[in-house]
Q: 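To start, I am sharing the structure in question, which I have written as structure tokens.
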Amino acid sequence: MFSIRLFAALGSAFILGTVFYLMEPVLLPFVVAWVLAYLLVPAVDILNRYMFRSLAILVTFLVLAGVLIGLFFGLVPVLQSQINTFLAQLPDYADQLHHSLVAGSGALPAA
């Protein structure tokens, strides 16, 4: 009796997991919306004391958009400079890798 219940529970979990995996492209926007709502409702509730709820929602979303845009424009120049530095040093990294592989294999280096 116990093994049948365990088998049914494991089979159901496997089927449910497979369905969620296959429906990931459809479910992802809903999960993101749920997380955003969960995180932003306290801010909307606080602002709702001082203004209409629709205005509080609008202000919260505008602040969130401003923060995300600020982070984006703050990170892009830093990432761009790091990528440019990495690409400039990439031939040196390739030479170091080649020399360490040749030294580690015991073979004579190619001319």
Q: Are I57 and V59 linked, directly or through intermediate hydrophobic residues, by side-chain heavy-atom contacts shorter than 4.5 Å (ILVMFWY only)?
A: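 Different clusters: V59 never reaches I57 through Ile, Leu, Val, Met, Phe, Trp or Tyr contacts under 4.5 Å.
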
Q: Just verifying a value: how many Å separate F61 CZ and L36 CG, rounded to the nearest 0.5 Å?
A: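 Spacing of CZ (F61) from CG (L36) equals 6.5 Å.
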
Q: Working to the nearest 0.5 angstrom, can you tell me the gap between R53 CZ and T60 OG1?
A: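 It is 9.0 Å, given to the nearest 0.5 Å.
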
Q: Shared ILVMFWY cluster between L71 and V76, side chains joined below 4.5 angstrom?
A: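 Unlinked, L71 and V76 end up in two clusters.
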
Q: How long is the straight-line distance from CZ of F14 back to OH of Y21, given to the nearest 0.5 Å?
A: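 Rounded to the nearest 0.5 Å, the OH-CZ separation comes to 11.5 Å.
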
Q: Sequence neighbours left out, what pairs pass salt bridge (Lys or Arg N to Asp or Glu O under 4.0 Å) with at least one residue falling in residues 80-92?
A: none

Q: Do you know which two heavy atoms are closest between L47 and A56, and how far apart they sit?
A: CB-CB, 3.6 Å

Q: When rounded to the nearest 0.5 angstrom, what is the spacing between CG in L97 and CG in L101?
A: 4.5 Å

Q: Step by step, would you call W34 with Y38 a ring-ring contact (aromatic ring centres under 6.0 Å, His included)?
A: CA-CA 6 Å; W34 177 78; Y38 182 77; 5.7 Å; yes

Q: Out of curiosity, does L90 fall in the hydrophobic cluster containing I83 (side-chain heavy atoms, cut-off under 4.5 Å, transitive links)?
A: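 Yes.
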
Q: Just how far is it from atom OG1 of T85 to atom CD of Q80, taken to the nearest 0.5 Å?
A: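 Going from the OG1 atom of T85 to the CD atom of Q80 covers 10.5 Å.
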
Q: For the atom pair CG (L79) and CZ (F72), what is the distance rounded to the nearest 0.5 Å?
A: 9.5 Å

Q: Are M51 and V63 connected, step by step, through hydrophobic side chains (Ile, Leu, Val, Met, Phe, Trp, Tyr) whose heavy atoms are closer than 4.5 Å?
A: yes

Q: Check whether any side-chain N or O of S12 sits under 3.5 Å from a backbone N or O of A9 as a donor-acceptor pair, and report yes or no.
A: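 Flag not set: sc S12 to bb A9 has no pair under 3.5 Å.
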
Q: State yes or no: do F20 and M23 share one hydrophobic cluster built from I, L, V, M, F, W and Y residues joined by side-chain heavy-atom distances below 4.5 Å, directly or via other members?
A: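 Yes; M23 is reachable from F20 via cluster members.
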
